[in-house]
Amino acid sequence: MSKDTIANIITSIRNGDMNRKGMVRIPSTNITENIVKILLREGFIENVRKHQESNKHFWVLTLRHRRNRKGPYKTILNLKRISRPGLRIYCNYQRIPRILGGMGIVILSTSRGIMTDREARLQGIGGEILCYIW
């Protein structure tokens with residue numbers, strides 16, 4: 001595992017979605033907790049619960065899938081990491097990108113915590129762009 005926890009959770013969720021897993025287990029940190037709450041609130045995942053094994057805490061995410069039996073399986077979740085430890089990407093609230101014309105979300109790390117692009121625009125604050133989800 002690398003030291004980039006955000007990339008680790010994004011990769012775990014993406015791999016679980018592509019392999020049609022019903023549940024994904026990711027380690028629990030403060031950043032992970034905030035991102036998971038945003039994903040749950042925006043409807044990208046169905047359910048979240050906290051699990052503990054031998055003094056280690058994990059988040060167990062229940063993924064949402066499209067159930068189209070006639071056609072091929074399509075993933076419902078697309079995630080892309082933008083800012084990374086080697087290259088941080090910052091923007092002010094006026095330059096926050098819109099994903100698919102507002103259908104997707106941008107997760108930002110601001111001075112007031114981790115929030116979506118809509119919340120940051122309403123509050124008039126910018127920050128570091130963590131990832132895109134559509």
Would you check if [X] and [Y] make a side-chain contact, meaning some heavy-atom pair closer than 4.5 Å?
X: Arg81; Y: Leu130; value: yes
X: Asn92; Y: Arg95; value: yes
X: Trp59; Y: Lys50; value: yes
X: Ile129; Y: Cys91; value: yes

Please round to the nearest 0.5 Å and tell me the distance separating atom [atom1] of [X] and atom [atom2] of [Y].
X: Ser111; Y: Gln123; atom1: OG; atom2: CD; answer: 8.5 Å
X: Arg64; Y: Asp17; atom1: CZ; atom2: CG; answer: 11.5 Å
X: Ile133; Y: Leu79; atom1: CD1; atom2: CG; answer: 5.0 Å
X: Thr11; Y: Ile26; atom1: OG1; atom2: CD1; answer: 11.0 Å
X: Ile107; Y: Met115; atom1: CD1; atom2: CE; answer: 12.0 Å
X: Glu128; Y: Ile82; atom1: CD; atom2: CD1; answer: 11.0 Å

[X] (side chain) donor-acceptor with [Y] (main chain) under 3.5 angstrom:
X: Arg121; Y: Ile96; answer: yes
X: Arg25; Y: Phe58; answer: no
X: Thr32; Y: Ser28; answer: no

Locate the shortest heavy-atom distance separating Ala120 from Leu108; write the atom from each residue and the value.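 Reported closest heavy-atom pair: CB-CD1, 3.7 Å.
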Closest contact, heavy atoms only, Asp4 versus Pro85: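 Of all heavy-atom pairs spanning Asp4 and Pro85, the closest is OD2-CD, 3.5 Å.
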Should Thr116 and Arg41 be marked as a side chain to side chain contact (heavy atoms under 4.5 Å, CB included) after you check the CA-CA gap, both sets of side-chain angles, and the distance that decides it? CA-CA 10 Å; Thr116 64; Arg41 186 175 63 228; 4.1 Å; yes
Are Ile105 and Asp117 close enough, and set up right, to give a side chain to side chain contact (heavy atoms under 4.5 Å, CB included), and what steps lead you there? CA-CA 6 Å; Ile105 63 170; Asp117 55 341; 4.2 Å; yes
Does the pair Glu42 and Arg118 meet the rule for a side chain to side chain contact (heavy atoms under 4.5 Å, CB included), with working shown? CA-CA 11 Å; Glu42 296 290 328; Arg118 290 181 214 116; 3.1 Å; yes
